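Source: prediction; values computed, not measured.
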Amino acid sequence: MSGRPERKLTLYRDDSTSQVVLDRVKTWFWTADNTVLVISRYDAETGGEHHYIHWPRERFCWFRDEPTRQGAPE
């Protein structure tokens, strides 16, 4: 498959029924001594421009990370 690699993150809030789904995720990482989840998300379907979303650990219970599109081999 060609194009950029992408992921989908599903964040579960207070219980498993309250979800926030983020597509077009470039990558994610923890910061601030593992208390803030930082998500790098592409701005559009194509191109490399992206922005960062910060989720404090106390705002969600757990999250699921899934690959959605693989990048082209280099």
Side-chain angles (χ1 to χ4, degrees):
M1 200 178 270
S2 64
R4 64 188 184 197
E6 291 184 12
R7 309 193 69 72
K8 177 175 82 170
L9 287 184
T10 305
L11 285 84
Y12 296 86
R13 294 206 198 178
D14 301 325
D15 57 29
S16 293
T17 61
S18 180
Q19 305 173 10
V20 175
V21 178
L22 299 168
D23 59 351
R24 298 191 324 260
V25 172
K26 180 177 180 180
T27 191
W28 60 268
F29 56 91
W30 290 99
T31 190
D33 200 24
N34 291 330
T35 60
V36 177
L37 179 65
V38 180
I39 302 164
S40 174
R41 187 168 185 243
Y42 290 111
D43 293 336
E45 291 296 322
T46 59
E49 297 81 17
H50 61 279
H51 63 278
Y52 293 98
I53 302 167
H54 297 84
W55 277 86
R57 181 66 183 101
E58 65 269 8
R59 299 282 312 273
F60 64 96
C61 296
W62 61 283
F63 70 96
R64 182 174 59 206
D65 175 20
E66 303 172 81
T68 57
R69 182 167 49 174
Q70 297 298 321
E74 295 187 22

Atom pair [atom1] ([X]) and [atom2] ([Y]), whose distance is rounded to the nearest 0.5 Å:
X   : Y   : atom1 : atom2 : answer
R64 : T10 : CZ    : OG1   : 4.5 Å
H50 : R4  : NE2   : CZ    : 11.0 Å
T27 : E6  : OG1   : CD    : 12.5 Å
I39 : L22 : CD1   : CG    : 5.0 Å
L37 : I53 : CG    : CD1   : 9.5 Å

Discussion item. Is it the case that atom CG in D33 sees more than 12 heavy atoms from other parts of the structure closer than 6.0 Å?
Written reply: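 Counting other residues, nucleotides and ligands, CG of D33 stays at 12 neighbours or fewer.
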Worksheet item: How about R59: does its CZ atom have over 12 heavy atoms from other parts shown lying under 6.0 Å from it?
Response: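 No, not enclosed.
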Worksheet entry | CA sep, side-chain torsions, deciding dist, call: R13, V20, side-chain contact (heavy atoms from CB on, under 4.5 Å) | CA-CA 8 Å; R13 294 206 198 178; V20 175; 3.5 Å; yes
Whether [X] and [Y] hold their rings parallel, tilted or perpendicular, with breakpoints at 30° and 60°:
X   : Y   : answer
H54 : Y52 : tilted
F60 : W30 : parallel
W62 : Y12 : parallel

Item to complete: Please report the C-alpha distance between V38 and W28 in whole Å, then the side-chain angles of each, then the deciding distance to 0.1 Å, and finally whether the side-chain contact (heavy atoms from CB on, under 4.5 Å) criterion is met.
Response: CA-CA 6 Å; V38 180; W28 60 268; over 6 Å; no
Worksheet entry | From CA spacing to verdict: side-chain contact (heavy atoms from CB on, under 4.5 Å), R7, D65 | CA-CA 7 Å; R7 309 193 69 72; D65 175 20; 2.7 Å; yes
Fill in: side-chain contact (heavy atoms from CB on, under 4.5 Å) evaluation trace for H51 with R41
CA-CA 6 Å; H51 63 278; R41 187 168 185 243; 4.0 Å; yes
Discussion item. Less than 6.0 angstrom separating the ring centers of F63 and W55, yes or no?
Written reply: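 So the answer is no for these two rings.
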Practice prompt. Mind listing the closest non-hydrogen atom pair of E45 and R24 along with its distance?
Written response: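 Of all heavy-atom pairs spanning E45 and R24, the closest is OE2-CD, 3.4 Å.
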